[in-house]
Amino acid sequence: MQPPHERPDISRLVPVIVGAAAAIAAIIILWIVTSVRRDQPFPVDLWWHNLMVSHRTDVGLFLAWIPAHIGGPVLAIVTGLVVVGTLLLLRWWWAAITVTATLVLCIGIAAPLASIVGRIRPDDSLAESVPTSFPSGHVAFATALVTVLALLFRHWPWWTLGAIWVLWMAWGRTYLAAHWLTDVIGGMFLGVAVALLAWATVETIRRRRSRAAEAVSASDERTD
């Protein structure tokens, strides 16, 4: 199987960088707005929250707790380690570096940002209750992992399954009233931004090293 970073059809980095910039701009705007209204949800938040709470069922709660548990801090880290470990076993070094950089960056930004904003969660939350609602760390981590894997392997099943997982996670967090709707949207933007930035950065380094190695090889051949 061919390593994902060595495929000849990798698209140019400019659209990726533009996408990352757009995602970062969105998360900054949401950050500023939610910081001002940290204890006052937006009308769309209240509408979605009431919709979720009014349609709670035992089956719905069971389905909502699945991504909540899998996306929790411990299992999320274990999942990341398994993915990176698998890539290392396959000797896909650059892919492993990319995934590691993405997840470390996501964790390093999401947790401090949530503490700084200090947004209050819904009063009837069935999960966490500490005032670290924005952005959703569960959604940010899931989105970052899904996005970076989709960028590396670029097959439609990755995008389809990844989108289902992220939407399931986002729905579950609001169904349990652990987050407002804008919290999970902010998590999505953050996850996309860090994945795009990490992928573009590592890919740039890889390409430069590859070109340098090719130049040395060509120089050695001319010398011989």
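Side chains included, hydrogens not; waters and symmetry mates left out as well; all remaining heavy atoms used. Index from 1, following the sequence.
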For this session: Show your working on side-chain contact (heavy atoms from CB on, under 4.5 Å) between Met52 and Trp171 and close with a plain yes or no.
Result: CA-CA 9 Å; Met52 292 294 98; Trp171 166 80; 3.6 Å; yes

For this session: Say whether, by atom type as modelled, one donor and one acceptor occur between the side chain of His179 and the main chain of Thr174 under 3.5 angstrom.
Result: no

For this session: Please round to the nearest 0.5 Å and tell me the distance separating atom CD1 of Ile109 and atom CG of Leu105.
Result: 4.0 Å

Problem set entry | side chain to side chain contact (heavy atoms under 4.5 Å, CB included) partners for Thr100, two or more places apart | Val84, Val104

Exercise. Between the side chain of Thr143 and the main-chain N/O of Ala140, is any donor-acceptor distance below 3.5 Å?
Worked result: no

For this session: Grab the two heavy atoms, one from Ala144 and one from Val194, that are nearest each other, plus how far apart they are.
Result: CB-CG2, 3.8 Å

For this session: Check for a donor-acceptor pair, side chain of Trp168 on one end and backbone N or O of Leu63 on the other, with a separation under 3.5 Å.
Result: yes

Problem set entry | Partners meeting side chain to side chain contact (heavy atoms under 4.5 Å, CB included) with Thr132 (sequence neighbours left out) | Ala114, Ser115, Arg121, Val130

Exercise. Looking only at heavy atoms, which two atoms of Gly186 and Pro135 are closest? And how far apart?
Worked result: C-CB, 3.9 Å

Exercise. Less than 4.5 Å apart, any side-chain heavy atom of Leu126 and any of Leu61?
Worked result: yes

For this session: With side-chain contact (heavy atoms from CB on, under 4.5 Å) as the test, would you mind laying out the steps for Leu145 and Thr102 before giving the verdict?
Result: CA-CA 7 Å; Leu145 181 58; Thr102 298; over 6 Å; no

Exercise. Can you name the closest pair of heavy atoms from Pro131 and Ile120 and give their distance?
Worked result: CB-CD1, 3.7 Å

Problem set entry | Where Arg56 and Ala177 come nearest, the two heavy atoms and their spacing | NH2-CB, 3.4 Å

Problem set entry | Residue list, side chain to side chain donor-acceptor pair (under 3.5 Å) with Thr182, at least two apart or on another chain | Asp45, Arg119

Exercise. When you look at CG of Asp58, are more than 12 heavy atoms from neighbouring residues, nucleotides or ligands closer to it than 6.0 Å?
Worked result: no

Problem set entry | Set of residues satisfying side chain to side chain contact (heavy atoms under 4.5 Å, CB included) with respect to Thr57, sequence neighbours excluded | Val59, Tyr175

Seminar exercise, completed: CH2 (Trp47) and CG (Leu51) are apart, to the nearest 0.5 Å, by 5.5 Å

Seminar exercise, completed: What one should report as the nearest heavy-atom pair of Val139 and Ala170 is CG2-CA, 3.8 Å

Problem set entry | Nearest heavy-atom neighbours spanning Arg173 and Ala68 | NH1-CB, 3.6 Å

Exercise. Distance from Leu152 atom CG to Thr147 atom OG1, nearest 0.5 Å?
Worked result: 11.0 Å

Seminar exercise, completed: Sorted by chain and number, sequence neighbours left out, side chain to side chain contact (heavy atoms under 4.5 Å, CB included) with Leu167 holds for Met188

Exercise. What pairs meet the side chain to side chain donor-acceptor pair (under 3.5 Å) rule with one or both residues in residues 64-88, with sequence neighbours excluded?
Worked result: none

